[in-house]
Amino acid sequence: MDFSAQNLDSLWKIWKNESKPDSVRFKAIDDFIWEGFIYEMPDSALYYCKLQYEFAKKEGAEKFQAVAFNNRGTCFYLKDDFDNAVKYYLKSLQLYSSLRDLNGMSSIFNNLGNIFKEQGNFAQAINYYIQSLEIDEQLKNYDGMASSLNNIGIIYANQDNFSKALEYYQRSIRLSKKIKDYDGIASPLNNIGNVYESKGDYPNALEYYHRSMKIEEKIGNIIGAATSMNNIGGIYRMLGEIAFKENKKELANEKFEKAIEFSKKA
């Protein structure tokens with residue numbers, strides 16, 4: 001949701017209104033942080049996260065404290081300060097674990113997996129993704145399960161274990177289809193395209209990129225559609241270069257034109 005300055009001002013007023021219930025005030029500052037600052041101004045978000053945590057601690061609300069720690073971890077993650085991100089995610093995980101809050105635990109395990117994936121520590125990343133997956137299986141949280149399966153597939157693809165990557169991507173797609181999460185279908189379709197491209201199977205790569213692009217266009221995900229278009233353009237350009245080297249100028253020109261076409265769309 002795109003919050004305007006007026007929306008943010010309204011949230012801030014709710015947060016400052018001490019006559020409001022604690023849960024309402026906490027949600028207001030949480031929305032304020034996420035919608036107004038965390039992605040574009042993580043340093044400012046850290047200041048508000050501190051206010052959020054101090055409020056939660058004062059009220060003795062451990063779940064709110066866990067949320068505040070998670071938010072701080074995300075701020076540091078977005079700043080590429082992975083050591084501090086892990087530190088605060090683990091603080092959040094400790095509180096969620098003591099409360100037996102499975103949803104919170106699953107979310108943190110997923111966040112930790114993302115960090116170790118970024119750092120190239122794939123064994124640790126898969127360990128955290130699997131823990132998240134196992135919890136979501138208990139909760140029958142198909143959205144969370146599909147996300148973890150897709151993330152595990154990415155790890156295997158990064159390790160050039162393409163058969164395992166395809167297995168996890170397909171499992172992710174099946175779950176997303178079950179809950180009609182079209183964005184959750186499009187992402188692993190694009191990832192499958194990446195696998196086939198890495199294997200040099202360009203016809204299959206193009207097929208999956210096109211399938212992903214059509215879904216992203218249908219649901220209005222401009223960034224996702226542009227990513228698939230860019231991937232398609234890249235393959236056409238490469239095929240054009242191959243054709244040119246083989247002195248197939250007519251075929252090369254066709255591929256170059258297609259690459260330009262998709263680059264303009266992206």
Step by step, would you call K245 with E241 a salt bridge (Lys or Arg N to Asp or Glu O under 4.0 Å)? CA-CA 6 Å; K245 287 177 182 177; E241 289 171 351; 5.9 Å; no
E261 vs K258, salt bridge (Lys or Arg N to Asp or Glu O under 4.0 Å): CA-CA, chis, key distance, verdict: CA-CA 5 Å; E261 174 190 345; K258 286 187 177 181; over 6 Å; no
Between F244 and K255, does a side chain to side chain contact (heavy atoms under 4.5 Å, CB included) hold up when you go through it step by step? CA-CA 10 Å; F244 190 80; K255 300 302 182 185; over 6 Å; no
Please lay out, stage by stage, how E35 and N7 fare under the test side chain to side chain contact (heavy atoms under 4.5 Å, CB included). CA-CA 10 Å; E35 305 299 342; N7 294 133; over 6 Å; no
Carefully, step by step, assess D83 and K87 under the rule side chain to side chain contact (heavy atoms under 4.5 Å, CB included). CA-CA 6 Å; D83 288 341; K87 172 185 171 182; over 6 Å; no
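Side-chain atoms of Y129 and N114 include a donor-acceptor pair closer than 3.5 Å. If you check the side chains of Q52 and D30, you find a donor sitting under 3.5 Å from an acceptor. Between the side chains of Q124 and N127, at least one donor N or O lies within less than 3.5 Å of an accepting N or O. Between the side chains of N141 and N103, no donor-acceptor pair is found at a separation under 3.5 Å. Residues Y209 and N194 have side chains that bring a donor and an acceptor to within less than 3.5 angstrom of each other.
For the pair L112/L90, a side-chain contact is recorded, criterion being any heavy-atom separation below 4.5 Å from C-beta on. Within the 4.5 Å cutoff, the side chain of Y77 has no heavy atoms near those of the N84 side chain. You'll find the side chain of N150 stays beyond 4.5 Å of the side chain of Y168, heavy atoms only. Using a 4.5 Å cut-off on side-chain heavy atoms (C-beta onward), M213 and F262 make contact. At a threshold of 4.5 Å between non-hydrogen side-chain atoms, the residues Y89 and N70 count as touching. Using a 4.5 Å heavy-atom threshold, the side chains of Y156 and I126 count as touching. At least one side-chain heavy atom of F64 sits under 4.5 Å from a side-chain heavy atom of S23. Side-chain atoms of L46 and K79, non-hydrogen and from C-beta on, do get closer than 4.5 Å to each other.
Annotation: the span from K27 atom NZ to K20 atom NZ amounts to 13.0 Å, rounded to 0.5 Å. Here the CD-CG distance, from E167 to L149, works out to 9.5 Å after rounding to the nearest 0.5 Å. Put simply, CG on N191 and CD on E197 are 12.0 Å apart, with the number rounded to the nearest 0.5 Å. One finds the OG atom of S212 at 9.5 Å from the CD1 atom of I192 (value rounded to the nearest 0.5 Å). The CD atom of Q119 sits 10.0 Å away from atom CG of D80, with the distance rounded to the nearest 0.5 Å. Rounded to the nearest 0.5 Å, atoms CD1 (I173) and NZ (K177) are 6.5 Å apart.
Of all the heavy atoms in E217 and A225, the pair that sits closest is CG-CB, 3.9 Å. Between N71 and I38, the closest heavy-atom pair is O-CD1, 3.9 Å. For the residue pair A125 and G113, the shortest heavy atom distance occurs at CB-O, 3.5 Å. A45 approaches C75 most closely through the heavy-atom pair CB-SG, 3.6 Å. Of all the heavy atoms in A165 and G153, the pair that sits closest is CB-O, 3.4 Å. Contact record, A146 with S172: O-OG, 2.8 Å, taken as the closest heavy-atom pair.
Ionic pairing of D9 and K13 is present here: one or more N-O contacts between side-chain nitrogen and carboxylate oxygen are shorter than 4.0 angstrom.
Both F26 and L8 are assigned to one and the same hydrophobic cluster, defined by single-linkage of ILVMFWY side chains at heavy-atom distances under 4.5 Å. With hydrophobic clusters built from ILVMFWY side chains whose heavy atoms lie under 4.5 angstrom apart, Y196 shares a cluster with F162. I29 and M41 fall within a single hydrophobic cluster, where Ile, Leu, Val, Met, Phe, Trp and Tyr are joined by side-chain heavy atoms under 4.5 Å apart, directly or via other members. Note on I115: it clusters hydrophobically with L93, by side-chain heavy-atom contacts below 4.5 Å among ILVMFWY residues. Taken together through direct or relayed side-chain contacts under 4.5 Å among Ile, Leu, Val, Met, Phe, Trp and Tyr, L95 and M105 form parts of separate hydrophobic clusters.
With a 6.0 Å cutoff to the six-membered ring centre and a 45° limit on the axis angle, K218 counts as a cation-pi contact of Y182.
No donor-acceptor pair under 3.5 Å is formed between the side chain of S147 and the backbone N or O of D143.
Residues satisfying the ring pair (Phe, Tyr, Trp, His ring centres under 6.0 Å) test with Y53, not counting sequence neighbours, are F69. The side chain to side chain donor-acceptor pair (under 3.5 Å) search around D201 returns N204, not counting sequence neighbours.
Each salt bridge (charged side-chain N to carboxylate O under 4.0 Å, His left out) pair with one or both residues in residues 50-72, not counting sequence neighbours, appears once here: K63-D101.
More than 12 non-hydrogen atoms from other residues, nucleotides or ligands lie less than 6.0 angstrom from CZ of F256.
Less than 6.0 angstrom separates the ring centroid of F76 from the ring centroid of Y88.
Evaluated for a ring pair (Phe, Tyr, Trp, His ring centres under 6.0 Å) with F32, the options W15, Y47, W12 yield exactly one hit, W12.
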